[in-house]
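Below is one structure, written out as structure tokens, with a few remarks after it.
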Amino acid sequence: MVTIERVQTGLRIEKSTLKVLKGLAEYLDMPLGELVEGIVLHAFEGAAPFGDETLAKISQLKSVYDMQLTAEDAHTLTETE
């Protein structure tokens with residue numbers, strides 16, 4: 001086990017993306033923050049954070065929450081006024 005210190009943050013994130021993340025955290029029975037940490041730690045090492053079963057669940061959640069965004073959209077998003 002590695003001992004860490006967590007801090008509260010005011011992270012802003014696109015609405016449907018947050019809904020999918022919250023749904024996935026619930027499905028995996030883990031806190032949202034720990035899910036995001038895991039995704040980031042995998043990404044920092046160039047590793048895929050999810051297996052086929054979890055990716056299938058993410059696809060379902062994206063459909064439920066009408067998430068249209070893809071990785072290609074990552075650096076082209078603008079906010080509504």
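For this chain, numbers begin at 1 and follow the sequence in order. As the structure is a computational prediction, the values presented were derived from the model and not from experiment.
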Revision key, fill the gap. Output for pair (L28 CG, L21 CG), nearest 0.5 Å, gives 10.5 Å

Review point. How many angstroms lie between atom OG1 of T17 and atom NZ of K22, to the nearest 0.5 angstrom?
Key: 12.5 Å

**Study point:** Shortest non-hydrogen contact from L69 toward K62
**Key:** O-NZ, 3.7 Å

Practice item. Considering non-hydrogen atoms only, spot the tightest contact between S16 and M67 and give its length. Key: OG-CG, 3.5 Å

Check your understanding: Is there a path of hydrophobic side-chain contacts, each under 4.5 Å between heavy atoms of I, L, V, M, F, W or Y residues, that connects L18 with L11?
Key -> no

Practice item. Hey, could you give me the OG1/CG distance between T76 and D73, rounded to the nearest 0.5 Å? Key: 5.0 Å

Revision key, fill the gap. Closest heavy-atom pair, P49 versus I39, reported as atoms and distance to 0.1 Å, is CB-CA, 4.1 Å

Review point. Does some side-chain heavy atom of R6 sit less than 4.5 Å from a side-chain heavy atom of E34?
Key: yes

**Study point:** From L24 atom CG to K57 atom NZ, the distance as rounded to the nearest 0.5 Å
**Key:** 9.0 Å

Exercise for review: Tell me whether V36 is reachable from L41 by hopping between hydrophobic residues (I, L, V, M, F, W, Y) whose side-chain heavy atoms are closer than 4.5 Å.
Suggested key: no

Review point. Taking all non-hydrogen atoms of both residues, which atom of A25 and which atom of L35 are closest, and how far apart?
Key: N-CD2, 3.8 Å

